[in-house]
Each structure stands twice: as C-alpha cells, then as structure tokens.
Amino acid sequence: MTETPRAAPDVVTGSIRLLAEQGWEATTVDRLALAAGISRATFFRKYGSKEDIVFADHAANLERLEQQLARAAGEPGADPAVALREGVLLVFRHHLDHRERALARNALLRQVPQLRDRELITSHRYERVLQRYLRSALPDSPGRATLATALSAAAVAVHNAALRAWLRAPDTDPSAELAAQLERLARTLLAGYDDGVARPPARPAVVVTVLDPGAETEEILASVRDALG
C-alpha cells in the first residue's frame, strides 16, 4: 500500500500564528525553528529574522505584480486602468487565498507597533511598482508623472481599505466590489485630471441689447435679465 505524501508545512503561516499567540518578545527564532522542524541556521537562511518572516510573502507578491504589469506594458493598446485594476486584484486575492496567514498577521500587527511601521513601508513598495508602470503607460502629457503618483497612491489606499474590511469579515469575498471601485477611481482620475496645459479663464456671457434711448433704467435692467435668462 502506497503511503500518501504529507503536505509540506506552511512555515510562514505557522510562525506568524505562533508569534501572535505566544507574544512577539516571548517567541524566539529558536522556538520558531523548532516549531518548523528546521535548524536555527536554516530558518535564518530561508526566512531571515522574525520581522522578515511576518512579511515573507510580499517579496514574491511584488515580483508577480511587476511581471503582470510588464506583460500589460508590452501589449499594444493595453488600457492602463485595466492593468492597474488587475494588478491590485492580484495582490488582494493573495490575501484571500492565504486566509489563515492574513488573519494571523493582522492579529500580530495589532499587538506590535513596530510591525505596523514595516507594513507601511511595504505598502509604499507596492505603490512604487504601480507608479513606475503608470509613468510609462499613461498618455504623454505635462501632468503624467503627477497623475501616476496620485493614481498609484489612491489605488493602494483603496486596496488597503478593502483588506481591512475583509479582515473584519473574512468569510466574505469583496473582490468584485474592489474591482468596481478601482475601475471608477481610475476612470475618474484619468478623465478629470488637469494635464497642466494652460487654458484661458472662462469668460462671462456677453449680451448685446438694443433699446429705445428713452427707456427707463429698470426697463433696461429687466431686458438684460430676460436676455441672460
């Protein structure tokens, strides 16, 4: 009888859960390595420090995001708004696909302020990847760099808000709503952003009225008001 192979342990999720349950300061790398069934040296070589393992999947996520955006950039006529939406959804779905890891990490981050600082830095890394893509993909205009900065920051903010909402209700799947929000955001900014081209100020309406020279002032004013109306 052939023995069914055992699934490889999820060291990242297990380590984050252990840190959340036993406490950040109380849990040593030796304890994490023991729980993972590997040596301390192997743990450091594969996962780095305690802080590194908490955010271990983000390096792979960023690489996948860059690859997806590079493919979009290579497609003639690719829509930057669609590429932005799909890129952000790629990152979001990773959290949904690793539900237990996301929940454990959220619980840990609520306990350890220094990890929240690392999380902020990580968000900026996603923002920079999106920004680099948009700087080359958006139509050329004087305001392209500013628009790329604003759109990438807004997209990451919308993603993070959706992620926080999902963490409060992890049995839901808000991917469709997030996709719609990202679509509206991109279309609104792309359509409404001032590209920096100087335009003459709007001029007031001009009304020419021909009246009897003997008309009273009130009659003239009434005729002008009627014309403007």
Side-chain angles (χ1 to χ4, degrees), residues 5-71 84 86-134 149 152-170 174-175 178:
R6 297 177 61 184
D10 184 347
V11 175
V12 174
T13 300
S15 296
I16 296 173
R17 184 182 292 119
L18 196 63
L19 288 164
E21 292 173 352
Q22 298 193 359
W24 177 258
E25 298 297 339
T27 309
T28 64
V29 171
D30 288 336
R31 179 70 184 87
L32 294 176
L34 180 63
I38 57 179
S39 69
R40 187 175 191 272
T42 300
F43 185 94
F44 271 119
R45 184 172 63 254
K46 292 186 66 174
Y47 304 107
S49 66
K50 289 194 299 183
E51 189 168 304
D52 289 334
I53 200 168
V54 173
F55 300 96
D57 47 356
H58 285 293
N61 264 350
L62 285 161
E63 184 176 351
R64 290 168 60 218
L65 176 60
E66 288 183 312
Q67 291 171 350
Q68 180 165 305
L69 293 175
R71 287 193 296 270
L84 177 73
E86 292 306 306
V88 174
L89 284 175
L90 172 75
V91 178
F92 186 75
R93 290 189 184 114
H94 174 82
H95 297 293
L96 271 62
D97 292 341
H98 297 82
R99 179 179 183 274
E100 296 307 316
R101 182 183 302 176
L103 292 174
R105 179 160 46 212
N106 183 57
L108 180 61
L109 264 58
R110 291 167 65 90
Q111 301 172 22
V112 187
Q114 72 192 66
L115 294 180
R116 294 198 292 273
D117 294 338
R118 173 72 176 264
E119 182 185 38
L120 183 60
I121 293 171
T122 302
S123 289
H124 288 323
R125 293 177 65 191
Y126 284 106
E127 191 176 317
R128 286 195 296 271
V129 170
L130 295 173
Q131 186 181 137
R132 281 197 300 271
Y133 164 74
L134 291 170
T149 300
S152 58
V156 170
V158 169
H159 167 276
N160 290 346
L163 179 59
R164 287 192 294 270
W166 173 74
L167 287 168
R168 293 191 294 269
S175 298
L178 175 59

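Side-chain atoms are counted along with the backbone in the values below, which use heavy atoms only and exclude waters and symmetry mates. From a predicted model like this one, the values you see are computed outputs, not experimental measurements.
- In terms of heavy-atom proximity, Ser123 sits nearest to Val156 at O-CG1, 4.0 Å.
- Using a 4.5 Å heavy-atom cutoff, the side chains of Leu178 and Ser175 are not in contact.
- Distance check, rounded to the nearest 0.5 Å: CG of Leu115 to CD of Glu51 gives 5.5 Å.
- Remark: the backbone N or O of Ile16 is not paired with any side-chain donor or acceptor of Arg105 at under 3.5 angstrom.
- From Arg118, atom CZ reaches atom CG of Leu120 across 12.0 Å, with rounding to the nearest 0.5 Å.
- When side chains are defined from C-beta on, Ile38 does not count as touching Phe44, because their heavy atoms never get closer than 4.5 Å.
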CA sep, side-chain torsions, deciding dist, call: Asp57, Arg64, salt bridge (Lys or Arg N to Asp or Glu O under 4.0 Å): CA-CA 11 Å; Asp57 47 356; Arg64 290 168 60 218; over 6 Å; no

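- Taking CZ of Arg116 as the start and OG1 of Thr122 as the end, the distance is 14.0 Å to the nearest 0.5 Å.
- No side-chain heavy atom of Gln111 sits under 4.5 Å from any side-chain heavy atom of Trp24.
- Shortest non-hydrogen contact noted between Val12 and Ile53 is CG1-O, 3.6 Å.
- Using modelled atom types and a 3.5 Å distance limit, the side chains of Tyr126 and His58 yield a donor-acceptor pair.
- Within the structure, side-chain hydrogen bond (donor to acceptor under 3.5 Å, both in side chains) pairs that include any residue of residues 25-41 comprise Asp30-Arg40, Ser39-Thr42 (at least two apart or interchain).
- Note on ring orientation: taking the six-membered ring where Trp is involved, the planes of Phe92 and His159 are perpendicular (angle over 60°, cut-offs 30° and 60°).
- Here the straight-line distance linking atom CZ of Arg93 with atom CG of Asn61 works out to 13.0 Å at 0.5 Å rounding.
- Across every non-hydrogen atom of Val29 and Phe43, the tightest pair is CG1-CD2, 3.6 Å.
- Closest approach of Ala35 to Leu18, counting heavy atoms only: CB-CD2, 3.9 Å.
- The 12-atom threshold is not exceeded at CZ of Arg110, counting heavy atoms of other residues, nucleotides or ligands nearer than 6.0 Å.
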Test side chain to side chain contact (heavy atoms under 4.5 Å, CB included) applied to Leu163 and Val91, step by step: CA-CA 10 Å; Leu163 179 59; Val91 178; over 6 Å; no

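- Interatomic distance, Leu103 CG to Arg101 CZ, rounded to the nearest 0.5 Å: 12.0 Å.
- Looking only at side-chain heavy atoms (C-beta outward), Leu19 and Leu32 come within less than 4.5 Å of each other.
- The salt bridge (Lys or Arg N to Asp or Glu O under 4.0 Å) contacts involving residues 119-132 comprise Glu66-Arg132, where partners must be two or more places apart or lie in separate chains.
- Inter-residue side-chain proximity for Asp52 and Tyr47 is flagged as unmet; no heavy-atom pair is nearer than 4.5 Å.
- The two residues Val88 and Ala155 have their closest heavy-atom pair at CG2-CB, 4.1 Å.
- Taking all atoms of both residues into account, the shortest heavy-atom contact from Ser152 to Leu130 is CB-CB, 3.8 Å.
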